[in-house]
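All remarks here apply to the structure that follows.
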Amino acid sequence: MFSRGSESSRRFNTHADFYKSVTPEQAKTIKAIFKAITGKYPDLELVIAWNVPMVKFEKHYIFGVSASSNHIAIAPWDQDVQKAFAPKFKEGKALKKIIQLPNDWDVDAKLIQAMIKASLANLK
């Protein structure tokens, strides 16, 4: 189990390392998701946490993405944001804490940016 400071559970040090572990199609989609976020919110920090790429604002995790063989999962950390935005992802399947999207999802930058905006607003 991963704990802060543990080096034994760390598989990826950078986003580039993570992208090497997924299919090229998934990497393309995930990169587009983070490009949509950082293009609008350049002050957010891109990090690897729990072996997946995430964005942070100060000490708060805002959003993460993971991949499995059948889908990409996006995870807003704010559960109110998750509940509000999950129905807007027509191609996706909403679960309790994630939204599963197709590996080749055509990234809706405005929807992702709205989700980030809502998450940041809820921090205040």
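Here the side chain of Glu91 pairs no donor or acceptor atom with the backbone of Pro102 at under 3.5 angstrom.
Using a 4.5 Å heavy-atom cutoff, the side chains of Lys117 and Tyr41 are in contact. Within the 4.5 Å cutoff, the side chain of Val55 has no heavy atoms near those of the Trp77 side chain. No side-chain heavy atom of Phe57 sits less than 4.5 Å from a side-chain heavy atom of Glu45. Between Ile30 and Lys28 the shortest side-chain heavy-atom distance does not fall below 4.5 Å.
By the rule that hydrophobic residues join a cluster once side-chain heavy atoms approach within less than 4.5 Å of another member, Leu95 and Trp105 end up as members of separate clusters. A single hydrophobic cluster is not seen to contain both Ile98 and Val107; linkage of ILVMFWY side chains at heavy-atom distances under 4.5 Å, directly or through other members, places them apart.
Annotation for Ile33 and Ile74: closest pair CD1-CG2, 4.1 Å, computed over non-hydrogen atoms. Scanning both residues, Val65 and Phe18, for their nearest heavy atoms gives O-CZ, 4.4 Å. Here the closest non-hydrogen pair linking Ala86 and Ile99 is CA-CD1, 3.7 Å. For Ile48 against Phe12, the heavy-atom pair with the smallest separation is CG2-O, 3.5 Å. Of all heavy-atom pairs spanning Ala118 and Phe85, the tightest one is CB-CE1, 3.7 Å. Ala84 and Pro87 get closest at one heavy-atom pair: O-CD, 3.7 Å.
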Original post:
For Gln79 and Lys97, what are the C-alpha separation, side-chain angles and deciding distance, and is it a side-chain contact (heavy atoms from CB on, under 4.5 Å)?
Top reply: CA-CA 7 Å; Gln79 291 305 295; Lys97 295 190 180 212; 3.8 Å; yes
**OP:** Test Gln100 against Ile72 for side-chain contact (heavy atoms from CB on, under 4.5 Å), laying out the working first.
**Re:** CA-CA 6 Å; Gln100 295 175 339; Ile72 291 170; over 6 Å; no
**OP:** Might you work through the side-chain contact (heavy atoms from CB on, under 4.5 Å) test for Ile37 and Ile62, ending with a clear yes or no?
**Re:** CA-CA 11 Å; Ile37 294 169; Ile62 302 294; over 6 Å; no
Original post:
Between Ile116 and Leu44, does a side-chain contact (heavy atoms from CB on, under 4.5 Å) hold up when you go through it step by step?
Top reply: CA-CA 10 Å; Ile116 298 300; Leu44 295 180; 3.7 Å; yes
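Separation of atoms CG (Asp108) and CE (Met115) is listed at 10.0 Å; rounding is to 0.5 Å. Here the OG-CG distance, from Ser66 to Asn51, works out to 11.0 Å after rounding to the nearest 0.5 Å. In this structure, NZ on Lys93 lies 12.5 Å from CG on Leu101, to the nearest 0.5 angstrom. Note: Asp78 CG to Lys83 NZ = 10.0 Å, rounded to the nearest 0.5 Å.
By the 6.0 Å contact criterion, NZ on Lys40 is open, its count of non-hydrogen atoms from other residues, nucleotides or ligands being 12 or less.
For Gln26 and Asn103, the side-chain atoms include at least one donor-acceptor pair closer than 3.5 Å.
Tyr61 has its ring centre less than 6.0 Å from the ring centre of Trp50.
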